[in-house]
Amino acid sequence: MGNKRTIIKMQNSTSNVNVANVFQKVEKEGCKARFIPYYDGCLVMVEGTMKRELALQGLPGVMEVITTDSLFPLAGKELTGGKSSIVKIAPGVTIGGGNRVVMAGPCAVENRQQIRDAALAVKKAGASVLRGGAFKPRSNPYAFQGLGSEGIALLREAKEETGLPIVTEVMTIEAIEWLEPHIDIFQVGARNMQNFPLLKALGKVDKPVLLKRGAMSTVDEWLQAAEYILCGGNFNVILCERGIRSFETRTRNTLDLNIVPLVKSLSHLPVIVDPSHGTGIRSLVTPMSMASLAAGADGLIIEVHPRSEEALCDGAQSLSCGEFSQLMDMISRLIPALPVQEETEKICGAIPVI
Ligand code: PEP
Ligand code: MN
């Protein structure tokens with residue numbers, strides 16, 4: 001467990017004077033206070049033990065005082081009183097609290113025809129977010145590294161034509177600022193889950209972040225990585241299980257579905273699953289997608305390629321457009337059989353519903 005922390009939830013749109021007053025009370029006791037933007041309001045996080053903690057409760061503008069020794073007090077369910085958060089991805093597209101989202105598209109954007117065909121097909125099949133990497137973190141330096149800014153331009157064209165919001169990977173802090181106007185979700189890849197400067201920078205953006213679990217990371221490390229983003233004031237974080245490295249060599253990774261119900265019991269953040277990287281094998285993607293939803297996942301991210309035999313990246317784990325359409329059909333029949341999901345905290349997100 002971490003050090004004891006007190007989180008003071010201020011009322012939405014409370015005045016600066018009320019916040020300053022809370023800071024003063026905290027600092028008077030020799031404790032350090034940290035300001036954290038929280039949707040339309042803010043949190044004040046206090047490090048250390050306050051003698052007169054109870055007195056905070058009655059201060060003007062204070063909604064709730066939460067004390068915890070969690071390693072991830074902002075990602076943990078204490079913050080929301082056990083409820084789930086809903087993350088708003090784009091107008092009309094929300095995830096969490098019973099809203100399940102399927103994101104689909106190729107591993108990498110390869111050319112105009114490929115991303116256009118993929119986008120039209122996944123849209124037709126019922127996906128609500130288009131995936132596609134323009135900056136690819138490849139294990140081998142000579143492997144296709146992605147089209148870079150040209151790939152982003154092609155993703156934008158596909159978005160304009162289909163209306164699908166875009167999720168794409170960001171690998172460097174420098175790329176965040178120029179990517180932000182063009183994309184809808186920043187993906188942090190498994191290899192960057194503990195790139196702390198990148199996580200800190202994404203804490204300052206106004207767009208959702210899809211945080212993939214590192215292939216060698218524990219749940220606690222993953223939730224602490226999410227905490228880096230949250231403590232910067234960006235609460236629009238979606239967690240993504242994508243398989244961990246085990247002794248098994250028949251599959252690319254071992255998809256750890258244990259953590260879906262586990263993380264949902266520990267955190268208010270939505271959790272999705274990537275069965276493409278989790279298995280590495282096309283024929284396993286459909287069954288593991290169904291298993292992920294049955295385990296309680298809030299969504300899926302699936303690689304789909306219109307001509308996977310030509311794919312420059314991850315062809316062996318990419319569904320064809322037809323296979324994806326069949327999977328979506330199966331999903332639509334599975335959903336009514338799943339238990340109704342949990343209570344939700346609040347509608348949040350950077351993008352107002354129109
Ligand atoms: C990807 O989504 O294409 C990707 C590189 O995933 P991961 O970071 O999970 O390996
Ligand atoms: Mn891939």
Side-chain angles (χ1 to χ4, degrees), residues 101-110 114-115 118 122 127 129-141 143-148 151-152 154-155 166-172 175 179 183-195 198-199 202 208-217 219 221-222 225-226 229 237-246 251-257 259-260 263 271-282 284-285 288-289 292 297 299-320 324:
V101 166
V102 177
M103 311 182 187
C107 178
V109 182
E110 295 168 5
Q114 174 245 18
I115 189 66
V122 302
V129 176
L130 175 65
R131 67 150 286 151
F135 300 93
K136 296 302 303 176
R138 304 304 300 279
S139 300
N140 189 300
F144 176 58
Q145 303 286 309
L147 295 181
I152 299 297
L154 296 176
L155 276 171
I166 298 163
V167 57
T168 198
E169 179 158 355
V170 60
M171 295 204 297
T172 62
L179 265 179
I183 65 157
D184 300 279
I185 306 174
F186 285 103
Q187 176 174 327
V188 175
R191 292 156 188 81
N192 268 320
M193 190 206 84
Q194 288 191 315
N195 181 339
L198 184 67
L199 301 178
L202 289 167
V209 177
L210 179 69
L211 180 63
K212 288 194 144 192
R213 179 185 182 185
M216 313 281 275
S217 299
V219 163
E221 286 163 346
W222 189 20
I229 305 170
V237 174
I238 304 161
L239 300 167
C240 178
E241 162 63 35
R242 46 77 74 204
I244 51 175
R245 185 165 287 195
S246 77
T251 50
R252 182 175 176 181
N253 288 292
T254 294
L255 191 62
D256 183 8
L257 291 188
I259 65 81
V260 174
V263 171
V271 182
I272 71 167
V273 175
D274 172 351
S276 309
H277 293 88
T279 64
I281 301 171
R282 180 179 307 123
L284 304 186
V285 170
M288 295 318 286
S289 297
S292 304
L300 297 163
I301 181 163
I302 295 174
E303 288 186 342
V304 177
H305 197 294
R307 287 164 290 278
S308 62
E309 62 292 350
E310 291 171 17
L312 297 178
C313 190
D314 289 351
Q317 65 191 38
S318 299
L319 295 186
S320 69
F324 179 67

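Atoms within each ligand, like the ligands themselves, are counted from 1 in listed order. Predicted, not measured: the structure shown is a model, and the values here were computed from it.
- Residue-to-ligand polar distances place Ala190 within reach of ligand 1: an N/O pair is separated by less than 3.5 Å.
- Taking CD1 of Ile301 as the start and CD of Gln187 as the end, the distance is 5.0 Å to the nearest 0.5 Å.
- Taking distance alone, with nitrogen or oxygen atoms compared against 3.5 Å, His277 approaches ligand 1 more closely than that limit.
- For ligand 1 and Glu303, the ligand atoms under 4.0 Å from any heavy atom of the residue are 3 (O).
- In this structure, the side chain of Thr279 engages the main chain of Pro275 through a donor-acceptor pair within 3.5 Å.
- At least one donor-acceptor pair under 3.5 Å links the side chain of Glu241 to the backbone N or O of Asp256.
- Here Cys313 fails the criterion, with no N, O or S atom under 2.8 Å of the Mn ion (ligand 2).
- Among all non-hydrogen protein atoms, the one lying nearest atom 9 (O) of ligand 1 is Arg242 NE, 2.7 Å.
- The N/O atoms of Gln187, backbone and side chain alike, include one that comes under 3.5 Å of an N/O atom in ligand 1.
- Of the protein's non-hydrogen atoms, Lys212 NZ, 2.9 Å is the one closest to atom 6 (O) of ligand 1.
- Listed by number with element, the atoms of ligand 1 under 4.0 angstrom from any heavy atom of Lys136 are 1 (C), 3 (O), 5 (C).
- With Arg282 contributing its side chain and Ser318 its backbone, the two residues share a donor-acceptor pair below 3.5 Å.
- Note: angle at the Mn ion (ligand 2), from OE2 of Glu303 to SG of Cys107, is 90° (rounded to 10 degrees).
- Between Asp314 and His277, the side chains place a donor N or O and an acceptor N or O closer than 3.5 Å (distance only, hydrogens not considered).
- In this comparison of Glu241, Arg191, Glu169, Arg131, the heavy atom closest to atom 2 (O) of ligand 1 sits on Arg131.
- Side-chain N or O atoms of Trp222 include one that pairs as donor or acceptor with a backbone N or O of Leu211 at under 3.5 Å.
- In terms of modelled atom types and a separation under 3.5 Å, the side chain of Asp184 and the main chain of Ile166 share a donor-acceptor contact.
- Atom CG of Leu255 is separated from atom CE of Met288 by 5.0 Å, given to the nearest 0.5 angstrom.
- Restricting Asp314 to its N, O or S atoms, the one at the least distance from the Mn ion (ligand 2) is OD2.
- Between Arg131 and Glu303, at least one side-chain nitrogen of the basic residue sits less than 4.0 Å from a carboxylate oxygen of the acidic one, meeting the salt-bridge criterion.
- Those atoms of ligand 1 that come under 4.0 Å of a heavy atom in Gly189, given as number and element, are 8 (O).
- Heavy atoms of Cys107 approach ligand 1 to within less than 4.0 angstrom.
- The Mn ion (ligand 2) is closest to atom NE2 of His277 (considering only N, O or S atoms).
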